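It should be emphasised that the depicted structure is a prediction, and the values quoted were computed from it without experimental measurement.
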Amino acid sequence: MGRLALPFLAQRGHLLLWAPVCLGLGIGLYFGLPVEPTGGQVTIAMAAAGLALVAGLLAGELAGPVLLGLALVLCGGSLGWARTAWVAVPVLDFRYYGPVEGRIVGMDRSQSDAVRLTLDRVALGDMSPSRVPQLVRVSLHGDQRWLTPEPGQMVMLTAHLSPPPGPVEPGGYDFRRQAWFKRIGAVGYTRVPAFAFAPAKEGQAGLALFRTRVTLSAAIREAVPGQPGAFAAAILTGDRSAVSKDVMEDLRASNLAHLLAISGLHMGLLTGIVFAAIRGGIALVPPVALRVDGRRIAAVVALVAGAGYLALSGGNIATERAFIMVAVMLGAVLLGRRAISLRAVAIAALIVLLRRPEALMGPGFQMSFAATTALVAVFNGLRGPSAHWARWPAPVKGALTLVISSFVAGAATAPFAAAHFNRIADYGLIANLTSVPVMGMWVMPWAVAAGVLAPLGLSWLALAPMSWGCRWILGVADRVASMGGALTWVPDPGPWALPMLAMGGLVVALWRGPTRWIGVLGVMAGLVVWSGAERPAMLISDRGGLLGVMTDEGRGLSKAKGESFSAQVWLENDGDGADQLAAAERLAAGEDGVRAFTVAGVPVTHVSGRGASAKAAALCREGLLITSVDLDPPPPGPCDHWGPKRMRQTGAVALTNAGTLVTVAETAGRRPWTRP
């Protein structure tokens, strides 16, 4: 027993590293529940957490950490429940068409590249204010020449609104949960002109930073025209509305999209440059350097600069997470502790999870902390007492640092990127090696200079050279994305593969002693589960108008146009890079809007188009009858009929390879964000 206990006793002094892991495990279990726990159940869980905490403090060296970990798991689940209740606001529970009034508090672009407005102070026709969502997001289509959106503008429009949409397939990404925590209660679009009925100055209260960000973004794009200016505005203010779809695709295909999102890299570079500049400036004045602690002064100034960058960029979750990580590290400098360590990463993760437990489920949190944890663990190993890193020449260390950091960060984030986005950028290492140094040594220093010169009206002096670096990065993205085999498409891993990979990787990075390599088995098990994940034999959209049937060539779609979002997600989750038109050619065309298949041993008849009601009435035979319109009266016969009315209750449907039907309603469960 003593020998078995040795690996656990070796973790003494390092248990803090496992605190966010245990807290995150509880949060993950909460979000995986099929039914929302009641207040009584949460009270019992918290009482159990308190007992486990007391018992853990009184127990021995082996049982104590286990009990403390259990207390954190229970606290994580309760924290998720409390956060869900805290952000609760009304959610539209029906399809609405009519007048919409509100104040512009957000502007971006939709997937179709349309201008999209987020409104608060919403009024919907005669609807009771108690039922009106707090925030509504509307895409502007058609001729919108009469409106130039500004922060704080009060606008009116006639729009189609609906509850936030659910997954396009059972077990898929659920936008409803994201919208719930953003307090967005309805989404929709308009094709008629929108008008401003009150100027921005009458609704600008509380929007000063938003207005400043929009103004700065416009000024940057004016000073640096074209896509380099749009890129510069994105990395300085977080406004990506002017970045074209083609550029976004190039950045994703080359694994450079992270340069566009204001996250750890940008915040680290900005605060690092400010820290180095202030500390170096103090060192250049010996009388001052001998009397003050330059490191602490530089840390305070860098912290203030990071806070300003956070505010200017809009304070989104990714930037907030990056600021917390930087603040923890600068706080360590102020306290005279080691700034870059796994403990600093663990403290930052705890703060993020305590503030926003829902962040755990997003790719941003997972990828940023995976990269940071892996980088700190690897470089701690390289700088260990048995390493020869310190003896190498500075130029060699600099070059190796760039290569190793790019490789390690890419390898650590690749599973998460593949799981969430179904793609791997095969030449991402090349693109990052040729772009990240330019970002760090050229673009960001000039960005800091632009910020310093802006009050003097001379920011253009820094923006011009900054644009050269932006052009280089966009050129690399375009070149790499156009190379053959730039992307490898990856199928959806299912619900268990990614947690297994993550836990295996955490054991390797955080555990102390040779037994850490047991984590490799967890990584291998996750890869095996991923490779064995099966995709549904058939998918049915939530309107019944689109079918996706698995064929020898890949998933064939029932139509080449329409419901393109569902079609795109299905193909990406299959690990299939084909477009909707190519996928539609894989499925034999039916006659007069009627198609018949046998899928997984189940006869399937799909009826769509004009006259679907009359045609479907005579086709109700054994198996599934799927129609894009409701049938009234229901068709006579033994068929299992699926139409829009039924699917509004169930959501999208999948037919498994075993011939079993699974619906979104079954997999999503009964949670606050799924009720509408």
Spatial distance of atom [atom1] ([X]) from atom [atom2] ([Y]) [nearest 0.5 Å]:
| X | Y | atom1 | atom2 | result |
| --- | --- | --- | --- | --- |
| R213 | L236 | CZ | CG | 12.5 Å |
| M483 | S254 | CE | OG | 11.0 Å |
| Y173 | N573 | OH | CG | 13.0 Å |
| S139 | L117 | OG | CG | 8.5 Å |
| R191 | Q144 | CZ | CD | 11.0 Å |
| L140 | M107 | CG | CE | 11.0 Å |

Heavy-atom count check: over 12 atoms from other residues, nucleotides or ligands less than 6.0 Å from [X] [atom1]?
| X | atom1 | value |
| --- | --- | --- |
| W86 | CH2 | no |
| W460 | CH2 | no |
| F195 | CZ | yes |

Query - Steps toward side chain to side chain contact (heavy atoms under 4.5 Å, CB included) verdict (L474, D250) - result: CA-CA 8 Å; L474 295 181; D250 287 345; over 6 Å; no
For the residue pair [Y] / [X], report whether a side-chain donor-acceptor contact shorter than 3.5 Å exists.
| X | Y | answer |
| --- | --- | --- |
| R471 | S467 | yes |
| T488 | D426 | yes |
| S241 | D239 | yes |
| R211 | T215 | no |

Would you check if [X] and [Y] make a side-chain contact, meaning some heavy-atom pair closer than 4.5 Å?
| X | Y | answer |
| --- | --- | --- |
| E150 | Q153 | yes |
| T372 | M325 | yes |
| Q227 | D478 | no |
| P363 | F416 | no |
| I278 | I282 | yes |
| L354 | L23 | yes |
| F231 | L259 | yes |
| L161 | V136 | yes |

Nearest heavy-atom neighbours spanning [X] and [Y]:
| X | Y | result |
| --- | --- | --- |
| A481 | A253 | CB-CB, 3.8 Å |
| I424 | A418 | CG1-CB, 4.0 Å |
| I473 | L256 | O-CD1, 4.2 Å |
| M361 | H420 | O-CE1, 4.1 Å |
| F181 | V87 | CD2-CG2, 3.7 Å |
| L501 | P415 | CD1-CB, 4.1 Å |

Is a side-chain N or O of [X] found less than 3.5 angstrom from the main chain of [Y], in a donor-acceptor match?
| X | Y | result |
| --- | --- | --- |
| S406 | V403 | no |
| S482 | R479 | yes |
| E101 | V155 | no |
| Q568 | F565 | no |
| T373 | F369 | yes |

Requested in this report: Output, in order, the C-alpha distance, side-chain angles, deciding distance and verdict of side chain to side chain contact (heavy atoms under 4.5 Å, CB included) for L269 and M439.
Outcome: CA-CA 9 Å; L269 288 173; M439 187 77 175; 4.1 Å; yes
Query raised in the report: Per the salt bridge (charged side-chain N to carboxylate O under 4.0 Å, His left out) rule, which among R103, R183, K182 passes with D120?
Result: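 With D120 as partner, R103, R183, K182 yield a single salt bridge (charged side-chain N to carboxylate O under 4.0 Å, His left out), made by R103.
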Query raised in the report: Can E320 and R356 be counted as an ion pair, charged N to O under 4.0 angstrom?
Result: yes
Query raised in the report: In terms of side-chain geometry, is the basic nitrogen of R295 or D293 positioned less than 4.0 Å from the acidic oxygen of its partner?
Result: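 No, this pair does not count.
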Report task. Determine, step by step, whether L353 and F365 satisfy the side chain to side chain contact (heavy atoms under 4.5 Å, CB included) criterion, reporting the C-alpha distance in whole Å, the side-chain angles of both residues, the deciding distance to 0.1 Å, and the verdict. Result -> CA-CA 10 Å; L353 291 176; F365 176 93; 3.8 Å; yes
Report task. Before giving the answer on side chain to side chain contact (heavy atoms under 4.5 Å, CB included), spell out for I27 and E358 the whole-Å C-alpha distance, their side-chain angles and the decisive distance to 0.1 Å. Result -> CA-CA 8 Å; I27 294 170; E358 70 276 9; over 6 Å; no
Query raised in the report: By salt bridge (Lys or Arg N to Asp or Glu O under 4.0 Å), which residues pair with E222, not counting sequence neighbours?
Result: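 With sequence neighbours excluded, E222 shows a salt bridge (Lys or Arg N to Asp or Glu O under 4.0 Å) to no residue whatsoever.
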Query raised in the report: Which residues satisfy the ring-ring contact (aromatic ring centres under 6.0 Å, His included) test with W442, sequence neighbours excluded?
Result: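 W446.
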Query raised in the report: Who are the ring-ring contact (aromatic ring centres under 6.0 Å, His included) partners of Y189, not counting sequence neighbours?
Result: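 Expected list: H160.
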